[in-house]
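Here's the structure we're looking at; comments come further down.
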Amino acid sequence: MNHINLKRIFYFVVVLLSFNCTSSKKETPPKKPNILFILSDDHTSQAWGIYGGPLKEYAQNKNISRLANEGVVLNNAFCTNSICVPSRATILTGQYSHRNGVYTLSDALNPDSLNIAKVLHKNGYQTAIIGKWHLKKEPSGFDYYNVLHDQGRYWDPILRTKENFHKPAEEWDIHKGFSTDVVADLSVEWLKQRDSTKPFLLMTHFKATHEPFDYPERFNNLYKDQDLPEPESLYDFSPNTTGRSFVGQKLENLAWRYEQASNDPDKWWCKYPGLPFYTNEMDSITARKATYQKFVKDFLRSGAAIDDNIGKLLDYLEVSGQAENTVVIYTADQGYFLGEHGFFDKRLIYDESLRMPFVIRYPKEIHGGQRIDDIILNIDFPALFADYAGIEKPGSIQGRSFRENLKGNTPEDWRTSAYYRYWQNYPIRPGHFGIRSDKYKLAFFYGQSLDMTGSSKESTEPAWEFYDLTKDPKENHNAYNDPEYQEIIKDMKETLKQQREALGDTDKNYPLMQDIFKKHWN
């Protein structure tokens, strides 16, 4: 065989191999992305440092900022029921409370309910949840779970697995250390041992920053000898100040809790750091100031531990070569008042409670450093997961994927307002529902417990509230009776009624509510 023939044969082999390689590449389906969903409890936007506010220079947010710089921040992500258990049920099912049956803290998510973990698992994903669960019954849809008992505790947390979930408490696992560190370490451990032939959905759920706002010892001296800046409405002491229709959960109630725990820490329901703490010798201004300083410093220290551990998870994705193909989300189950209106806690339709801070990174598709103002709801999260996984969302999901929104392509028919309802009625925080648009907010505090578990038997007089979010973004003036807004309020009431009918949340089974609507909805 001569030299020319050898060259021709060699050329033919190279071309053939090249053709085969190209063909196999075309025939290989695109690799589905992993999804790492990191959820904290109550870690409100005011404490993230990337949403502005008086605490923005004080929040420890190295890794939250890292995600924001490399991904997209949602400015207007909202929950549909601002309390831990219902929000978590909505995140899993994509349904409002009246559809998934989880209305209050006392309710449980039925294991037979369809959730996004089941959907992804059925479509080839390996699924896991580690950390706070709080939905009472055994998790379903997960290949692996290792969840905190009930609310969980900050130190030496008790976790429950498939192997011991139904066994006596003495057979549950105790993990030494601080809860946020433990949950992140367990998450990394699972990532190392998982089936690498499958894409994964990992839900890492921290207990922090939930009351009692504890933190690891490494942050003991953070903010020591500092006074942190205060919100402008910290010294709002009563409804008369703003025209709101209820008292709210005031900081004095938190001071009372600190005092009770200081007097008998072994009998109190939780372990606050930094006790004893008393305000009973102080005047009202000094007492509120002192309570705020303790509360917000503890809250930010607890948040600093979250930021540390987000970094731990991000670093593992980098060193393991999975960062490029992993959708990383960090959010909180709802917002929280950090002294605004003189409040702590959540539950209300006011923005500090309503807003879910949210950041998402997906290097393959999302350009970093972007922010979007579209109204996104927690019912949308499962639809987004399904979209990334290349799965048609189940019909039971009431939300929509916002994948195109994240790329700057907001659909023309995207929602222009958010519907919200808080069901667990107490006189200081009545049951209410309402809508929030980009400019206005309208809420109806109906003040009835209905048949909601864990509610007070005491009712309150129904009342409307309206806020102009352009002129009054901090919601310090209830403008419901202002003449200039009457046409806007009329239109919003009609929109609210239409949304309730479209969603099937009409209270048709409550004659009392129908009577209230006849009297107060005009």
Y336 versus R347, side-chain donor and acceptor atoms under 3.5 Å: no
Shortest non-hydrogen separation from S302 to D214 and the atoms involved: OG-O, 2.8 Å
Residues, nucleotides or ligands: over 12 heavy atoms within 6.0 Å of Q226 CD: yes
Any donor-acceptor N or O pair under 3.5 Å, side chains D107, T453: yes
Among N478, L348, D236, the one residue meeting side-chain contact (heavy atoms from CB on, under 4.5 Å) with R244: D236
T416/I375 under side-chain contact (heavy atoms from CB on, under 4.5 Å): CA gap, chis, key distance, verdict: CA-CA 7 Å; T416 57; I375 293 176; 5.8 Å; no
Residue list, ring pair (Phe, Tyr, Trp, His ring centres under 6.0 Å) with F445, at least two apart or on another chain: F246, H432
Result of checking Y278, Y272, F344 against Y258 for ring-ring contact (aromatic ring centres under 6.0 Å, His included): Y272
Polar side chain donor-acceptor pair, D374 to T410, under 3.5 angstrom: yes
Output field: ring centroids Y154/Y215 closer than 6.0 Å: no
Audit row: E501, K508, salt bridge (charged side-chain N to carboxylate O under 4.0 Å, His left out) steps and yes/no: CA-CA 10 Å; E501 289 173 354; K508 65 180 181 181; over 6 Å; no
Check ion pair K136-D150 (N to O, under 4.0 angstrom): no
Pair Q95, N100: side-chain N/O donor-acceptor within cut-off below 3.5 Å: no
Closest heavy-atom pair and its distance - Q334, S87: OE1-CB, 3.9 Å
Audit row: L222, L300, side-chain contact (heavy atoms from CB on, under 4.5 Å) steps and yes/no: CA-CA 9 Å; L222 184 63; L300 290 182; 5.7 Å; no
Ionic contact status for R403 with E365, cut-off 4.0 Å: yes
Any side-chain heavy-atom pair of I38 and I329 under 4.5 Å: no
Non-hydrogen atoms of T506 and F517 that approach each other most closely: O-CE1, 4.0 Å
Cation-pi check, R421 onto W423 ring (under 6.0 Å, within 45° of axis): yes
Residues forming a ring pair (Phe, Tyr, Trp, His ring centres under 6.0 Å) with F358, sequence neighbours excluded: F381, F402
NZ or CZ of R257 within 45° of F277 ring axis and under 6.0 Å: no
Side-chain H-bond candidate by donor/acceptor type, H43 with Y330, under 3.5 Å: yes
Test of ring centre spacing under 6.0 Å for Y467 and Y350: yes
Short side-chain to backbone donor-acceptor contact, S82 and S353, under 3.5 Å: yes
Over 12 foreign heavy atoms within 6.0 Å of NZ, K312: yes
Residues T180 and N309: side-chain donor-acceptor under 3.5 angstrom: no
salt_bridge(K474, E232) N-O dist < 4.0 Å: no
K493 to W464, cation-pi by 6.0 Å centre distance and 45° axis angle: yes
Under 3.5 Å side-chain donor-acceptor pair for N81 and S97: yes
Salt bridge present between D387 and R400 (N-O < 4.0 angstrom): no
Over all atoms of both residues, closest heavy-atom pair of T460 and P427: CG2-CA, 3.6 Å
NZ/K271: more than 12 non-hydrogen atoms of other groups inside 6.0 Å: yes
Nearest non-hydrogen partners of L469 and S437, listed with the distance: CD1-O, 3.8 Å
Side-chain donor-acceptor pair present, D505, Y419, cut-off under 3.5 Å: yes
Aromatic ring pairing F295/F299, orientation class (parallel under 30°, perpendicular over 60°, tilted between): perpendicular
Flag, side chain of N425 to backbone of E458, donor-acceptor distance under 3.5 Å: yes
Counterpart residues, side chain to side chain donor-acceptor pair (under 3.5 Å), relative to Q498 (two or more places apart): E494
Side-chain donor-acceptor pair present, E465, S245, cut-off under 3.5 Å: yes
Within 45° cone and under 6.0 Å: K132 NZ/CZ vs F206 ring: no
D333: partners by salt bridge (charged side-chain N to carboxylate O under 4.0 Å, His left out), with sequence neighbours left out: R88
With sequence neighbours excluded, residues passing ring pair (Phe, Tyr, Trp, His ring centres under 6.0 Å) with Y223: none
Residues forming a ring pair (Phe, Tyr, Trp, His ring centres under 6.0 Å) with Y440, sequence neighbours excluded: F466
Exercise: identify the closest heavy-atom pair between C84 and D41: SG-OD1, 3.3 Å
Between S417 and Q499: side-chain donor-acceptor atoms closer than 3.5 Å: yes
Worked verdict on R429 versus D345 for salt bridge (charged side-chain N to carboxylate O under 4.0 Å, His left out): CA-CA 11 Å; R429 290 171 309 207; D345 205 69; 2.9 Å; yes
Geometric cation-pi criterion, K346 with F337: 6.0 Å, 45°: no
T44 versus Q46, side-chain donor and acceptor atoms under 3.5 Å: yes
Distance-only side-chain donor-acceptor flag, H477 / D468, under 3.5 Å: no
N253 and K250: side chain donor to acceptor below 3.5 Å: no
